[in-house]
Amino acid sequence: MSIEPPSRPEIENLLVEARTFAPDPAFVAQANAGPELYAEAEADFEEFWARLARERLRWTEPFHTTLEWDLPFAKWFLGGRLNVSENCLDRHVENGLGDKVAYHWIGEPGDRRTLTYADLLREVGKAANALKELGIVAGDRVAIYMPMIPELPIAMLACARLGAAHTVIFGGFSAEALSDRINDAEAKVLITADGGWRRGKAVGLKHHADEALASTPSITAAIVVDRIGGGVHMVEGRDYWWHDIVDRQDPICPPVPVDSEQLLYLLYTSGTTAKPKGIIHTSAGYLLGASFTHEIVFDVKPDDVYWCAADIGWVTGHSYIVYGPLANATTGVMYEGAPDTPDWDRWWQIIEDLKVTILYCAPTAIRSFMKQGEAYPARHDLSSLRVLGSVGEPINPEAWLWYHRNIGHEKAPIVDTWWQTETGAILISPLPGITTTKPGSATFPLPGIVADIVDAAGQTVPRGGGGYLVLKQPWPAMLRGIYGDPDRYVQTYWSRFPGMYFAGDGAKRDSEGYFWLLGRVDDVMNIAGHRISTIEVESALVDHPSVAEAAVVGKTDEISGQAIFAFVILRAGVEPHDTLAVQLREHVAYVIGPIARPKFLMFTPDLPKTRSGKIMRRLLRDIAENRVLGDTTTLADAGVVDVIRDKSGSAEED
Ligand code: WT7
């Protein structure tokens with residue numbers, strides 16, 4: 001793996017400028033987290049997590065051992081048994097919170113549903129009984145492919161209630177991506193919908209599911225939610241409407257206690273090969289990490305109205321729409337659709353209507369709003385907001401300041417939260433009543449987390465320097481492995497720096513010890529906060545009959561952070577033309593999903609390669625960015641670069 005930490009000029013400049021934002025004393029006085037948490041965790045991190053696990057979770061059987069660390073394989077809270085859905089639902093209802101709203105759901109067309117904790121418990125019980133009827137038992141996997149509707153968290157919790165695992169596949173993924181994941185997980189049942197609403201249109205989902213299910217031998221049944229109406233093709237003996245099979249069930253379904261380390265879910269994410277990795281998250285440690293960080297990072301109080309605007313198809317939604325907030329009995333908001341439908345103030349309207357107090361979203365969304373101008377938020381009363389969060393990629397200081405002024409009205413603290421699918425929960429972030437923030441910095445590791453920045457030899461880089469972000473101590477919400485591939489787990493995360501978890505990110509620490517994330521250092525792109533590997537897109541391109549070879553890099557993009565730039569070599573006899581470029585981009589969208597559609601595509605007669613035949617992405621990135629080229633002496637044919645560079649003005653654009 002060749003890794004070079006990228007540089008971020010805007011952050012370098014900001015380091016010089018050094019604007020800081022200290023917490024407001026009034027906020028400090030009421031904050032959930034105090035500085036003593038850091039000291040407690042440092043004194044004895046195992047006892048710190050053990051205390052939290054005892055206090056925060058309801059156990060059917062208490063654990064006897066906090067941690068078994070057989071590097072890099074961790075087991076937390078051994079001997080303990082619990083049920084995750086019971087922790088998210090039953091205990092709140094039993095504590096008198098049955099009438100508290102769990103979700104305010106807003107459909108894109110404007111329809112609404114309000115689900116209390118008692119409602120959710122009932123719906124989850126019915127869905128769990130339906131899964132039982134279809135033969136699902138503890139340890140089975142269930143695939144979920146759905147739009148952002150209440151049945152999605154209900155389906156997840158129904159699996160957890162039975163001790164079965166779910167794997168949620170983002171609704172924007174293609175049929176092929178869906179079947180690959182179903183087959184890797186060997187899921188028995190698929191829960192899906194006829195479609196969902198997006199940008200004023202009913203977008204079908206079931207036909208993708210049907211296409212996927214043609215090559216998934218493990219699937220015995222599918223449950224289909226009727227969201228958009230109009231009917232879809234149903235396969236006799238395989239497909240059941242949710243309103244038929246779920247609605248007729250008994251709402252009571254006793255939660256099945258499971259071992260702390262029972263698989264809770266798999267979530268597939270891109271790595272540096274074409275095959276996505278099934279990230280393993282287990283029950284107790286994950287739930288503790290999600291709920292604890294949710295409470296301290298967002299300073300969540302019982303009367304807050306909290307909105308994480310991510311899609312549940314990604315880990316942000318798993319941890320901060322479903323498990324963390326529900327474990328904390330929080331009132332949440334779920335919105336089905338696009339931020340610009342019917343107009344660019346849809347989010348601000350929702351915040352005004354529901355008096356949202358906490359908003360958690362991605363820098364790419366903030367940049368899109370910024371581009372539309374401040375008149376949209378200015379039209380609405382956003383005074384209820386008291387904490388703002390950011391996740392998914394480094395937030396540029398301009399976007400941070402725009403968010404601070406126009407959404408937070410210079411009073412709501414911003415928490416820039418660094419974490420990954422693999423980490424399960426936020427690891428590096430300000431605590432809003434404690435940390436003085438700097439726009440663009442995720443600040444410091446949370447209590448219980450030991451992060452460091454090391455050089456290529458694994459040595460700690462002194463303050464002021466940059467290198468590779470690593471984690472040096474296990475944490476309860478950490479991934480337990482890659483499904484079916486323990487060697488890849490060791491290889492991917494634990495081999496680059498022995499004894500340390502390597503996150504794949506470059507980072508810098510300033511003279512005051514603040515962490516500044518600098519982006520991925522491997523062949524993984526971050527497109528609008530979503531992880532996509534260069535090789536997945538290359539494989540999708542080469543899959544097309546006209547393509548001989550392809551190389552893909554991320555190009556800096558004003559809105560999405562990075563945009564996909566593809567260099568394509570056509571097969572002999574195929575002539576490059578604009579229609580073909582469009583076809584190839586659509587082909588990638590078809591194979592992987594619309595998020596992976598290259599924004600730029602350039603035909604080239606050759607690609608720059610090292611003598612050993614490795615594509616020199618660094619040079620391609622320079623070309624994509626129109627930068628002056630770096631050292632080319634390792635090139636097999638230096639002339640190739642000139643050919644490509646001369647042509648780079650003619651790249652196709654959206
Ligand atoms: C990668 C993880 C964690 C949920 C969303 C993405 C980047 C994430 C930040 C941040 C800078 C960030 C990293 C990381 N990233 N949050 N606050 N500042 N970079 O989850 O798909 O697993 O991607 O997103 O590069 O490695 P993911």
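Just so you know, ligand 1 is whichever comes first in the structure, and atom 1 is the first atom listed for that ligand. All of these numbers come straight from a predicted model, not from anything done at the bench.
Here is the list of ligand 1 atoms found below 4.0 Å of a heavy atom in Thr417: 9 (C), 10 (C), 16 (N), 17 (N). In the vicinity of Val315, heavy-atom distances shorter than 4.0 Å reach the ligand 1 atoms 4 (C).
Here atom 21 (O) of ligand 1 lies nearest to Arg531 when heavy atoms of Arg531, Met525, His530 are compared. The heavy atom nearest to atom 15 (N) of ligand 1, out of those in Gly424, Gly392, Gly440, is found in Gly392.
Just one of Tyr514, Phe515, Trp516 meets the ring pair (Phe, Tyr, Trp, His ring centres under 6.0 Å) condition when paired with Phe444; it is Tyr514.
Geometric assessment of Lys555 against the ring of Phe600 yields a positive cation-pi assignment under the 6.0 Å and 45° thresholds.
Taking atom 5 (C) of ligand 1 as the reference point, the nearest protein heavy-atom neighbour is Thr316 OG1, 3.5 Å. Closest protein heavy atom to atom 14 (C) of ligand 1: Asp505 OD2, 3.2 Å. Looking only at protein heavy atoms, the nearest one to atom 6 (C) of ligand 1 is Gly529 O, 4.0 Å. Regarding atom 3 (C) of ligand 1, its nearest protein heavy-atom neighbour is Trp419 O, 3.2 Å. Atom 11 (C) of ligand 1 has its closest protein heavy atom at Pro394 N, 3.0 Å.
For the residue pair Glu625 and Thr556, a side-chain donor N or O sits within less than 3.5 Å of a side-chain acceptor on the partner. Between the side chains of Tyr286 and Ser319, at least one donor-acceptor pair of N or O atoms lies under 3.5 Å.
The distance criterion of under 3.5 Å between nitrogen or oxygen atoms is met by Gln420 with respect to ligand 1.
Contacts between Thr423 and ligand 1 below 4.0 angstrom, taking non-hydrogen atoms only, are absent altogether. With a heavy-atom cut-off of 4.0 Å, Ala442 does not touch ligand 1 at all. Under 4.0 angstrom from ligand 1, the non-hydrogen atoms of Asn526 all belong to its side chain. Only the backbone of Glu393 comes within contact range of ligand 1, with a heavy atom under 4.0 Å; no side-chain atom does.
Without hydrogens or angle criteria, Arg181 side chain to Ala177 main chain gives a donor-acceptor distance under 3.5 Å.
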Open item on the list: Go through it in stages, so that I can follow the logic: the residues are Arg141 and Tyr483, the test is side chain to side chain donor-acceptor pair (under 3.5 Å), and I'd like the CA-CA distance, side-chain angles, deciding distance and then a yes or no.
Closed with: CA-CA 12 Å; Arg141 275 84 52 217; Tyr483 196 62; 3.1 Å; yes
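Of all non-hydrogen atoms in Phe73 and Arg480, the two that sit nearest each other are CD2-O, 4.2 Å.
The distance between the ring centers of His166 and His281 does not fall below 6.0 angstrom. Ring centroid separation for the pair Tyr306 and His294 comes in under the 6.0 Å cut-off.
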